[in-house]
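Worksheet: the structure to be examined is printed underneath.
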Amino acid sequence: MRTILLTILSLLCISCSQDIPYSKITGSTMGTTYSVILKSDTASPEAVYEDIETELKDINQLMSTYIPDSEINRFNSLKDDSCFHFSDKSWEVLVAAQKVYHATNGAFDITMGPLISRWGFNVEEYDEKVPTSVEVNSLLAKVGTNKLNYDFTNQCISKRLPEITINLSAIAKGYGVDRVAHIVEQHGVFDYLVEIGGETKAKGRNPSSTVWRVAVENPSSLSQREMLVVGLTDTSIATSGDYRNYYTVDGKRFSHTIDPETGYPVEHTLSSVSVIHSQNMYADAYATAFSVMGVERSLELANRLDLPVFIVEHSNKQDEEANTHSNDQFGSYILTH
């Protein structure tokens, strides 16, 4: 995430159904863009926009690793085992992160920042020098959500190792989606679509009085062509994958998805995964975890947790159709026309 001036790029009636307008608000946050389409017969889009700005700025100030005095960075700078008290919003995200960490047997881990950086995915310029096994093992010893002590009574966390740090980038966007949706509902609007960087939440009906239509991108298509369309209402979807963030050294492909168990980029065939959940921060976190776990383990856990999931595998040939997998829970959301 980075701190930028949030500006409204458009605010207009995009459709009218029985003379009821829908408005679209767009802006920037967390290093990406956001958009909100809402039924605006009962609320002022300008007022909704102002409250969205305030909310997203607050989330950035709490959770961004790019803001020096953010709450997360103040925790990260601690060099002792004192218990750091977190605000309610950060605590909600941190508790969710711990739940997904345990549910995925460590595949989702908010302490992986040092390894991700060493592999070259948190810096603007990287010389693509692959770390040695000694470096990887050294960093592995300094990461792990199990090295954080959660004090649920006092809403604080202490470190078992002074070097350990937290990065919420794999769950913060989803939380932002949930919070923006909450802001919209506070204005009495219950027909809307909220999206931040592709993570999406929908409620009620769209301007055509049907479910909201959300496209799942084909990861093998450079033109961002859709692979399928899902119908959403009263739920959300998040997608994670390595198809746009990787590099190649000496002919070997290195994914930005780092396995917390090994410290190395994953080598399985999973290219992208979409997860549906009522809370987008959980959809966001589980999508990240499944990107680590691969096809078989992800499907097994998704079925056990009753999570709708759609997975796309890497295609070995450029013109070859990608293999896809989905469970019955996800199938009920797919629109055929």
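- Minimum interatomic distance between Ala287 and Ala238 (heavy atoms only, all atoms of both residues): CB-O, 4.0 Å.
- Two residues are said to be in side-chain contact when any heavy atoms from C-beta on lie closer than 4.5 Å; Pro308 and Tyr333 meet this criterion.
- Heavy atoms from other residues, nucleotides or ligands lying under 6.0 Å from CD of Glu261 number 12 at most.
- In this structure a side-chain-to-backbone donor-acceptor pair under 3.5 Å is missing from Asn323 to Glu313.
- Under a 3.5 Å cut-off, the side chain of Ser208 and the backbone N or O of Thr210 do not form any donor-acceptor pair.
- Atom CG in Leu38 sits 12.5 Å away from atom CD1 in Ile183 (nearest 0.5 Å).
- At distances below 3.5 Å, at least one donor-acceptor pair connects side-chain atoms of Asn73 with backbone N or O atoms of Thr65.
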Worksheet item: Going through the distances and angles, do Ser90 and Glu71 end up as a side-chain hydrogen bond (donor to acceptor under 3.5 Å, both in side chains)?
Response: CA-CA 8 Å; Ser90 295; Glu71 189 169 53; 2.6 Å; yes
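- Here the closest non-hydrogen pair linking Leu78 and Lys159 is O-NZ, 2.9 Å.
- Ile166 and Phe152 fall within a single hydrophobic cluster, where Ile, Leu, Val, Met, Phe, Trp and Tyr side chains are chained together by heavy-atom contacts under 4.5 Å.
- Environment of CG in Asp69: crowded, with over 12 heavy atoms of neighbouring residues, nucleotides or ligands closer than 6.0 Å.
- With ring centers used as reference points, Phe310 lies under 6.0 Å from Phe330.
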Discussion item. Determine whether Ile157 and Trp91 satisfy the following criterion, side chain to side chain contact (heavy atoms under 4.5 Å, CB included), listing intermediate values before the conclusion.
Written reply: CA-CA 9 Å; Ile157 294 177; Trp91 186 250; 3.7 Å; yes
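- Between the side chain of Thr288 and the backbone N or O of Tyr286, no donor-acceptor pair lies under 3.5 Å.
- Linking Ile, Leu, Val, Met, Phe, Trp and Tyr residues whenever their side-chain heavy atoms come within less than 4.5 Å places Val312 and Ile334 in a single cluster.
- Gly294 and Leu270 make their closest contact through C-CD1, 3.7 Å (heavy atoms, listed as atom of the first residue, atom of the second, distance).
- To the nearest 0.5 angstrom, Phe75 atom CZ is 8.5 Å from Thr165 atom OG1.
- Looking at Leu301 and Thr104, their side chains come closer than 4.5 Å, going by heavy atoms from C-beta outward.
- Checked against side-chain contact (heavy atoms from CB on, under 4.5 Å), Glu300 has the following partners two or more places apart in sequence or in another chain: Arg304.
- From Lys24, atom NZ reaches atom OG of Ser40 across 14.0 Å, with rounding to the nearest 0.5 Å.
- The hydrophobic cluster containing Val93 does not contain Tyr101, counting ILVMFWY residues as joined when their side-chain heavy atoms lie under 4.5 angstrom apart, directly or transitively.
- A donor atom on one side chain and an acceptor atom on the other are found under 3.5 Å apart for Arg160 and Asn149.
- For Ser77 (side chain) and Arg74 (main-chain N/O), a donor-acceptor pair under 3.5 Å exists by modelled atom type.
- A side-chain hydrogen bond (donor to acceptor under 3.5 Å, both in side chains) with Tyr192 holds for exactly one of Arg205, Glu185, Lys39; it is Glu185.
- For the pair Ala96 and Ile171, the tightest heavy-atom approach, listed with the atom from each and the gap, is CB-CD1, 4.1 Å.
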Practice prompt. Would you please test Ser240 and Ser291 for side-chain hydrogen bond (donor to acceptor under 3.5 Å, both in side chains) and show each step?
Written response: CA-CA 7 Å; Ser240 180; Ser291 292; 3.0 Å; yes
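- Electrostatic pairing of Asp191 and Lys203 does not count as a salt bridge here, judged by no charged N lying under 4.0 Å from a carboxylate O.
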Fill in: Worked verdict on Ser298 versus Ile311 for side chain to side chain contact (heavy atoms under 4.5 Å, CB included)
CA-CA 9 Å; Ser298 296; Ile311 295 172; 3.9 Å; yes
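- Using a 4.5 Å cut-off on side-chain heavy atoms (C-beta onward), Val36 and Leu193 make no contact.
- Between atom CZ of residue Phe86 and atom CE of residue Met63 there is a gap of 10.0 Å, rounded to the nearest 0.5 Å.
- Under the 4.5 Å side-chain contact rule for hydrophobic residues, Val95 and Val177 share a cluster.
- Residues Thr42 and Val189 form a side-chain contact, since some pair of their non-hydrogen atoms from C-beta on lies under 4.5 Å apart.
- Counting only heavy atoms from C-beta outward, the side chains of Tyr34 and Ile25 approach each other to under 4.5 Å.
- Here the closest non-hydrogen pair linking Phe108 and Ala285 is CD1-O, 3.4 Å.
- At least one side-chain heavy atom of Thr132 sits under 4.5 Å from a side-chain heavy atom of Glu135.
- Listed for the His268 side chain is a donor-acceptor partner under 3.5 Å among the backbone atoms of Val292.
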Donor-acceptor pairs under 3.5 angstrom involving side-chain atoms of residues 227-237: please list them, not counting sequence neighbours.
| residue | atom | partner | partner atom | Å |
| --- | --- | --- | --- | --- |
| Thr233 | OG1 | Gly204 | N | 3.1 |
| Thr233 | OG1 | Gly204 | O | 2.8 |
| Thr235 | OG1 | His277 | O | 3.3 |
| Ser236 | OG | His277 | O | 2.5 |
| Ser236 | OG | Asn280 | N | 3.4 |
| Ser236 | OG | Asn280 | ND2 | 3.1 |

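- The two residues Gly197 and Thr32 have their closest heavy-atom pair at CA-OG1, 3.4 Å.
- Under the 4.0 Å criterion applied to side-chain N and carboxylate O atoms, Glu92 and Arg179 are not assigned as salt-bridge partners.
- Distance alone, capped at 3.5 Å, is enough to place a donor-acceptor pair between the Ser70 side chain and the Ser64 backbone.
- Note that the CG atom of Leu299 and the CG atom of Leu307 stand 11.5 Å from one another [nearest 0.5 Å].
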Fill in: side chain to side chain contact (heavy atoms under 4.5 Å, CB included) evaluation trace for Tyr282 with Tyr175
CA-CA 8 Å; Tyr282 280 103; Tyr175 180 72; over 6 Å; no
Discussion item. Applying side-chain hydrogen bond (donor to acceptor under 3.5 Å, both in side chains) to Asp51 and His187, what does each step give before you reach the verdict?
Written reply: CA-CA 10 Å; Asp51 287 347; His187 283 265; 2.7 Å; yes
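- Taking the charged nitrogens against the carboxylate oxygens, Lys201 and Asp178 do have a contact shorter than 4.0 Å, which makes a salt bridge.
- Between the Asp80 side chain and the Ser82 main chain, a donor and an acceptor come within less than 3.5 Å of each other.
- Contact of the Glu296 side chain with the His325 side chain is not registered, since no non-hydrogen atoms from C-beta on lie closer than 4.5 Å.
- Side-chain contact between Tyr49 and Glu46: absent, with no pair of heavy atoms (C-beta onward) separated by less than 4.5 Å.
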Check: residues 137-146 side-chain donor-acceptor pairs under 3.5 Å, at least two apart:
| residue | atom | partner | partner atom | Å |
| --- | --- | --- | --- | --- |
| Asn137 | ND2 | Ser133 | O | 3.1 |
| Thr145 | OG1 | Asp109 | OD1 | 2.9 |

Fill in: Verdict with reasoning, Ile67 to Asn60, per side chain to side chain contact (heavy atoms under 4.5 Å, CB included)
CA-CA 8 Å; Ile67 298 176; Asn60 268 308; 4.1 Å; yes
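- Rounding to the nearest 0.5 angstrom, the gap separating the CG atom in Asn303 from the CG atom in Asp328 is 7.5 Å.
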